[in-house]
Amino acid sequence: MTQVSSVDLNSKIPNNVGLSDDPKLRRALEKWLPEYLEWWGDMGPSDFYDKPVFLRTAVSVTRDGWAHYDYVKMPEYRWGIFLAPPKGELTVKCGDEAGRPAWTEVPGEHRNALRRIIVTQADTEPASVEQQRLLGHTAPSLYDLRNLFQVNVEEGRHLWAMVYLLHKHFGRDGRDEAEELLRRRSGDPDKPRILGAFNQPCDHWLSFFAFTMFTDRDGKYQLAALAESGFAPLALSTQFMLTEEAHHLFVGETGLDRIIRRSAELQALDPNGDVRAQGGIDFDLIQRTINYWFSYSLDLFGGEISNNASDFFASGLKGRYREDKYEDHKALSGTYRLPVVEGGRLVEKDVPLRHAMNEVLRDAYVADCERALRKWNKTLEQMGSPTRLTLPSRRFHRHQGIYAGHFFDPEGNLISEETFEKNRRRWLLTPEDNDYLLSIMKPVYEPGKFANWIAPPKRGIEGKPIDFEYVKMHD
Amino acid sequence: MDQPSATNATQTFDPVEFETEPARYRHFRVTYDGPIATVTMDVDPSACIRPGYELKLNSYDLGVDIELADIVRRMRFEHPEVRVVVITSGNDRVFCAGANINMLGSSSHAWKVNFCKFTNETRCEIEDATAHSGQVYVAACNGTTAGGGYELALACKEIYLQDDGNSAVSLPEVPLLGVLPGTGGLTRLSDKRKVRRDLADVFCTTAEGVRGKKAVKWRLVDAVFPRSKFAEKVRARAEALAKEAAEGLPGGTRKPVILPPLAPEVTATSRTYRHVTLTWDDDARTATLTIAGPSEDDVALVERGGEALLEAGADLWALRAFRELDDALLHLRLNHMEVGLVLVRATGDPARTIRHDAALAACRDHWFGREVILHMARVLRRYDNTSRSFFALGDAGTAFAGCLFELALGADRFYLLDDPDQPVHVGLSALSFGALPMHHGMTRLSAHFYGEPESLEALADDTSLKTPEEADEAGLVTVLLDDIDWEDDTRVAIEERVSLSPDALTGMEQNLRFPGPETMDSKIYARLSAWQNWIFIRPNATGPQGALSLYGRPERPRFDWQRV
């Protein structure tokens, strides 16, 4: 049974899942704990482990309890296991069995599919920590440094949430998978992380903000779809993860907004409107970054026409974004129209709705990204800049799904490989871009000060001023 | 999605042609580096043999397998220097995803069965090359290896899997599709790799399969290598295997023998090759397959020994005639589904064929001579496995002798004319006593006399020419007919045969053709394929709510839970 008990903060592993009453599971997790800490020590932001960071820690799952702020040294952060308290009777939300009581134990017939879903989600959590492990050395401010670490520790906690499910519900296979999660490494040619975007280098702050804006936003939609799962423990875990994920998206969206704001200032400042001449990040480079990370993040949703997506929906394992807003939870008869490449051109095709569930989720995601773009362009307008940024077509630069293997321009027109390659440097991040970004990204560790290429935030964290010492670099 | 229904009505499409050549490959690249050849599978999703599906993720259909069969065959003749053949994938993440499921789901029963039979024969050819031609196949599974993809790997002598935390080998047919891994998968798991049966049970019901060290421990693969060292490690292993395989090989100049197109002359009712003629009568549901024996020049050539054979190359009668026979059988299987009875005739001079065989048998120490005989054996096995009734008709002018007498022994009945005015002689040859084994390891002669060991004993090494009476006396003839009875009796027999249930006949013939013990090969056809073909017509697989029918559709399968 999934029981959400009161929060036990005194045990080795803080939790509200009654771990003390389940000695077998507790022992298993306590065995995993040192392996996790070893991984965190090797692959986390270890150069900053002796610094007190003003972090938010979840101490309960109530409204005020999940965000408790205080200085914590990262190795002392209490990673715990929290399920959101269930609201009323839990049911299967979608598919053939929609409306029936939710499963509290793994149904045998869905065991493998569920394990795969959970492992794939879990794998992204440590991956992003690995991708970001050196960014502390080039942080534009203590405020941003603190946000980075907040994101890092919470990705670690999300890993815990998924590992709990694997240990609790998937027996020996689950334990093996939990160990594998600590063995794969982002970008390692031999043991890569499962999904492509989580093996891309993220070695400067422009990429970090783009990553938290676009890639973590995929995470939000995946978690939201899993929060509709008929497997109650998964639904309750992901619901709680979503509350933390919101902060990551905030970091990304406002981070890019602050860069755009600053670039607009520098554009106005420079006699030739040359942002780079002023040591800032020019808009072409920002656009290339958006193109790069948006397209890699779109891949994470999976194929446009997908048997797996259909199976997961049909069996009630994964719903749509806000499934309760839909009337028909079986989605058996509808179709979804999308452009496909046939005979060298794009034609519209109707596919069964269930097969298009990845695309349905991608729609919600793209709409959300478009909203952020409008916001940034609003910033540009307010700043008097003539520049506008755009979101590329969802067909552009894809490595998964029906558009992979074809070539599109950012507007979504089918083009030749030759044309694509000729424009690649105009459309996507280049090694020279990275060199330039690394050259301007020198750390700023003085409270209240910000690097030249980014504007300060509008406000600080938890009511603290902007010049608050968010990370104590010197005792 | 539009549900493909293409393969339900084979007749509305152009006939399937089984001949191809490297310049026409759409799905494979073959590179040669001394004794090591690398076959890279990189399936073109749009190049399907029938419309209605896409060959995604290195999945295959009959067209892909026709290319693979061509590669395996040409490797032996055109690349005799090759000792190790590494099969790998050109796809970044997938080695091979197996038979295309949408293709299977939308195919007629007959298409599925013929597809599976052909792919099984190709897998057996891979093993035959490894065992007898010193061409060792190695599977370098550099990505997901699922279903038929793993079955392809199982046909190789050794299997290496990339250890990247993701790539797994799997047989997901049962949990995902409600059918069997029918391309030898179950049989090779238990009989070849000797995977423990309880672990095999777990493996075959776990759709995502097994990866990494566990795959090694369970003997599913021979080793796992990290991604960055994969190519190098496989290469090192291939080099070691090439050295081993080079030992004890037959002699002769290792000069390639190029196999040119057969280019038969095709009409609405016939295919005419150089030595073979196939005609069919769709209304009568019969076909006639005639094969002409060697000429005096052909025999003289073979008598000059292995190097002379090599000079003749693909024009050699024994190679050319059996290639033609092979093509005719395949054509019959796929393109003339309703022809139920094949009347087989061999022509020429029986004494000459026996001399030919003796000379050819003497060339077995030459690599090419050996390959020619191995090829004859494979074609004859295709004949044994063809689900049509075969009546060998030894009427006037026929010459069932030596290797061509195998067609009479392999037929379901052998009618022989006994007419003193037109004597029809038959006889065994040096190739009758073991050179041309059936799938279950026996010669056709010993299978024929499974219950009469004394008759078999009496014919030991007897290559003399026999009169019809002598042949009948020896037990080699089903029905001996005189001139007066021939016409009527054979007509009645033919008409009776074509009136019987085709299903029952197929089952009956396949049971009666293979008396005695089984081998792994024969179990694949007799046990695995038979079960698979039953499952293929069961509603739980192919009914409107069956797992195979609904794969790729939004609905989920519903099973009839009754165990039958």
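Please read all numbers here as calculations on a predicted model, not as lab measurements.
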Enquirer: For A/L332 and B/E555, work out which heavy atoms get closest and say how close.
Expert: CD1-CG, 3.9 Å
Enquirer: Counting only heavy atoms from other residues, nucleotides and ligands, does the tally under 6.0 Å from CZ of B/R24 exceed 12?
Expert: yes
Enquirer: More than 12 heavy atoms of other residues, nucleotides or ligands under 6.0 Å from CD of A/E418: is that the case?
Expert: no
Enquirer: Check whether B/D92 gets within reach of chain A through its side chain, its backbone, both or neither, counting any heavy atom under 4.5 Å.
Expert: neither
Enquirer: Contact part of A/D96 toward chain B, heavy-atom cut-off under 4.5 Å: side chain, backbone, both or neither?
Expert: side chain
Enquirer: Measure across B/P554 and A/S310 and return the closest heavy-atom pair with its distance rounded to 0.1 Å.
Expert: CA-OG, 3.5 Å
Enquirer: Please determine whether the number of non-hydrogen atoms from other residues, nucleotides or ligands lying under 6.0 Å from atom CZ of B/R93 exceeds 12.
Expert: no
Enquirer: Using a 6.0 Å cut-off, check whether atom CZ of A/R116 has over 12 heavy atoms from anything other than its own residue.
Expert: no
Enquirer: Between B/T205 and A/N112, which heavy-atom pair has the shortest distance, and what is it?
Expert: O-ND2, 4.3 Å
Enquirer: Could you state the interatomic distance from NE2 (A/H355) to CZ (B/R553), rounded to the nearest 0.5 Å?
Expert: 9.5 Å
Enquirer: Look up atom OG1 in B/T206 and atom CG in A/D173, then write down how far apart they are to the nearest 0.5 Å.
Expert: 7.5 Å
Enquirer: Between A/S315 and chain B, with a heavy-atom cut-off of 4.5 Å, which part of the residue counts as in contact: side chain, backbone, both or neither?
Expert: both
Enquirer: Tell me, with the steps shown, if B/R211 and A/E177 meet salt bridge (charged side-chain N to carboxylate O under 4.0 Å, His left out).
Expert: CA-CA 12 Å; B/R211 59 179 190 236; A/E177 293 285 5; 3.0 Å; yes
Enquirer: Could you tell me whether the side chain of B/D164 and the main chain of A/D190 form a donor-acceptor pair under 3.5 Å?
Expert: no
Enquirer: Using non-hydrogen atoms only, which part of B/S46 is less than 4.5 Å away from chain A: side chain, backbone, both, or neither?
Expert: neither
Enquirer: Which one wins on heavy-atom pair count under 4.5 Å against chain A: B/E54, B/E208, B/R556?
Expert: B/R556
Enquirer: With chain A as the partner, which of B/A207, B/G165, B/P175 has the greatest number of non-hydrogen pairs under 4.5 Å?
Expert: B/G165
Enquirer: Can you confirm whether more than 12 heavy atoms, excluding those of A/E179, are under 6.0 Å from its CD atom?
Expert: yes
Enquirer: What part of A/R115 lies closer than 4.5 angstrom to a heavy atom of chain B: side chain, backbone, both or neither?
Expert: side chain
Enquirer: More than 12 non-hydrogen atoms from neighbouring residues, nucleotides or ligands closer than 6.0 Å to NZ on A/K330, yes or no?
Expert: yes
Enquirer: Taking atom CZ of A/R111 as the centre, report whether more than 12 heavy atoms of other residues, nucleotides or ligands fall under 6.0 Å from it.
Expert: yes
